[in-house]
**Q** 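The structure that follows is given in the form of structure tokens.
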Amino acid sequence: MSELLTCEHLCKEYKEDASTVNVLKDVNFSVSSSEQVAILGSSGSGKSTLLHLLGALDTPTSGNVYFKNQDIFQFTHTEQSTFRNKSLGFVYQFHHLLPEFSALENVAMPLLIGKKPRKLAENKAREMLQKVGLEHRLDHRPAKLSGGERQRVAIARALVNEPALVLADEPTGNLDHKTGESIYQLIKELKEQIETCFIIVTHDTELAGRLDRVLSLVDGVMTEQAR
């Protein structure tokens with residue numbers, strides 16, 4: 001499989017008063033198309049910081065991130081926005097749905113932002129919500145959905161553009177075990193249907209162990225676990 005995303009010597013530092021906090025220290029790894037990769041680490045290990053860098057939501061102190069052999073930090077602001085809209089999907093522990101919009105409207109939003117015609121956007125959103133088993137909840141706003149249903153809407157939104165890569169930050173962390181298991185099964189099924197790569201940040205060792213590869217992040221240093 002060809003490499004989809006590569007990190008080379010990625011470092012991130014923050015200045016706090018007179019001291020420097022090294023959040024990420026010389027991180028190197030790559031992922032291929034259609035892989036499911038876990039990044040395992042405890043709170044404060046740098047997992048979310050790494051995801052922000054992979055999504056070009058922050059800039060590194062040093063190092064590079066290449067997506068399809070292009071350095072994402074050499075993109076202009078407009079090119080980075082296009083990269084996030086067309087090539088990436090984001091799933092968070094807290095779904096971040098827009099409360100004033102229905103499930104259908106939330107899922108259609110990335111397509112509308114990408115200036116797709118409304119009818120096309122709503123049709124694709126409807127199809128994706130059917131894939132996640134929510135065809136009966138299209139017109140419901142987030143407040144009327146259960147936690148698991150809201151996370152399914154968030155996953156549908158992340159996948160509606162059929163991105164090459166989905167970045168998921170603790171996607172089951174706020175769910176009970178049964179609901180979390182259903183979300184894992186859904187991610188597995190959708191990966192096979194759409195052939196999207198998933199990088200899933202988690203502290204859940206059981207979830208991590210079921211993915212294709214496990215990378216550990218401890219105090220900003222990354223290693224790959226033997227399987």
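Index from 1, following the sequence. Just so we're clear, the structure is a prediction, and the values are computed from it rather than from any experiment.
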**Q** Kindly compute the distance separating CD1 (Ile113) from OG1 (Thr82), expressed to the nearest 0.5 Å.
**A**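 The OG1 atom of Thr82 is 12.0 Å from CD1 of Ile113, to the nearest 0.5 Å.
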**Q** So, does Arg137 use its side chain to make a donor-acceptor pair with the main chain of Leu104 at under 3.5 Å?
**A**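 No; zero donor-acceptor contacts below 3.5 Å.
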**Q** For a quick check under 3.5 Å, do Asp139 and Ser102 share a side-chain donor-acceptor pair by atom type?
**A**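 No, Ser102 and Asp139 have no side-chain donor paired with an acceptor closer than 3.5 Å.
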**Q** Is it true that Glu3 and Thr6 share a donor-acceptor pair across their side chains at a distance under 3.5 Å?
**A**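 The answer is yes; a qualifying pair exists.
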**Q** For residues His9 and Asn28, report the shortest heavy-atom separation together with the two atoms involved.
**A**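 In this case the closest contact between His9 and Asn28 is N-OD1, 2.7 Å.
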**Q** Is there a donor-acceptor pair under 3.5 Å between the side chain of Asn85 and the backbone N or O of Pro110?
**A**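 Yes, Asn85 side chain to Pro110 backbone: donor-acceptor pair under 3.5 Å.
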**Q** Which of these, Leu5, Val31, Asp212, sits in a side chain to side chain contact (heavy atoms under 4.5 Å, CB included) with Cys197?
**A**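 Output: one option passes, namely Val31.
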**Q** How many angstroms lie between CZ in Arg213 and CD1 in Ile199, if you round to the nearest 0.5 Å?
**A**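 Here the interatomic distance stands at 9.0 Å.
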**Q** If you measure from the Lys or Arg side-chain nitrogens to the Asp or Glu carboxylate oxygens, is any gap between Asp58 and Lys12 under 4.0 Å?
**A**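 Result for this pair is yes, salt bridge flagged.
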**Q** Just by modelled atom types, is the Asn161 backbone N or O under 3.5 Å from a matching donor or acceptor in the Lys86 side chain?
**A**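 Absent.
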**Q** Has Arg84 got a side-chain atom pairing as donor or acceptor with Ala56's backbone, closer than 3.5 angstrom?
**A**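 Flag set: sc Arg84 to bb Ala56 pair under 3.5 Å.
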**Q** Can you give me the closest heavy-atom contact between Phe101 and Pro142, atom names plus distance?
**A**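 That would be O-CD, 3.2 Å.
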**Q** Between atom CG of Leu40 and atom CD1 of Ile200, what is the distance when rounded to the nearest 0.5 Å?
**A**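 It comes to 12.0 Å.
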**Q** Just by modelled atom types, is the Lys119 backbone N or O under 3.5 Å from a matching donor or acceptor in the Glu122 side chain?
**A**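 No.
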**Q** Between Arg141 and Glu100, is the closest basic N to carboxylate O distance under 4.0 Å?
**A**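 No, no charged N to carboxylate O under 4.0 Å.
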**Q** Are the side chain of Glu127 and the backbone N or O of Lys124 linked by a donor-acceptor pair below 3.5 Å?
**A**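 Not at all, since once roles are kept as given, no pair shorter than 3.5 Å links the two residues.
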**Q** To the nearest 0.5 Å, tell me how far Ile72 CD1 sits from Leu53 CG.
**A**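 Nearest 0.5 Å value for the CD1-CG distance: 8.0 Å.
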**Q** Look at Glu135 together with Arg126 and state whether they make a salt bridge at an N to O cut-off of under 4.0 Å.
**A**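 No salt bridge links Glu135 with Arg126.
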**Q** Closest heavy-atom contact between Thr49 and Tyr14?
**A**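 What the structure gives for the nearest pair is CG2-OH, 4.0 Å.
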**Q** Is it the case that the side chain of Arg150 and the backbone of Leu145 share a donor-acceptor pair, with hydrogens and angles ignored and the cut-off at 3.5 Å?
**A**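 Yes.
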**Q** Does some side-chain heavy atom of Asp26 sit less than 4.5 Å from a side-chain heavy atom of Leu10?
**A**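 Not touching, per the 4.5 Å side-chain cut-off.
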**Q** Under a 3.5 Å distance rule, please check whether Asp71 uses its side chain to pair with a backbone N or O of Phe73 as donor and acceptor.
**A**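 Here the side-chain-to-backbone pair exists.
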**Q** Check whether any side-chain N or O of Ser81 sits under 3.5 Å from a backbone N or O of His77 as a donor-acceptor pair, and report yes or no.
**A**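 Yes; judged by distance alone, with no hydrogens or angles, the pair exists.
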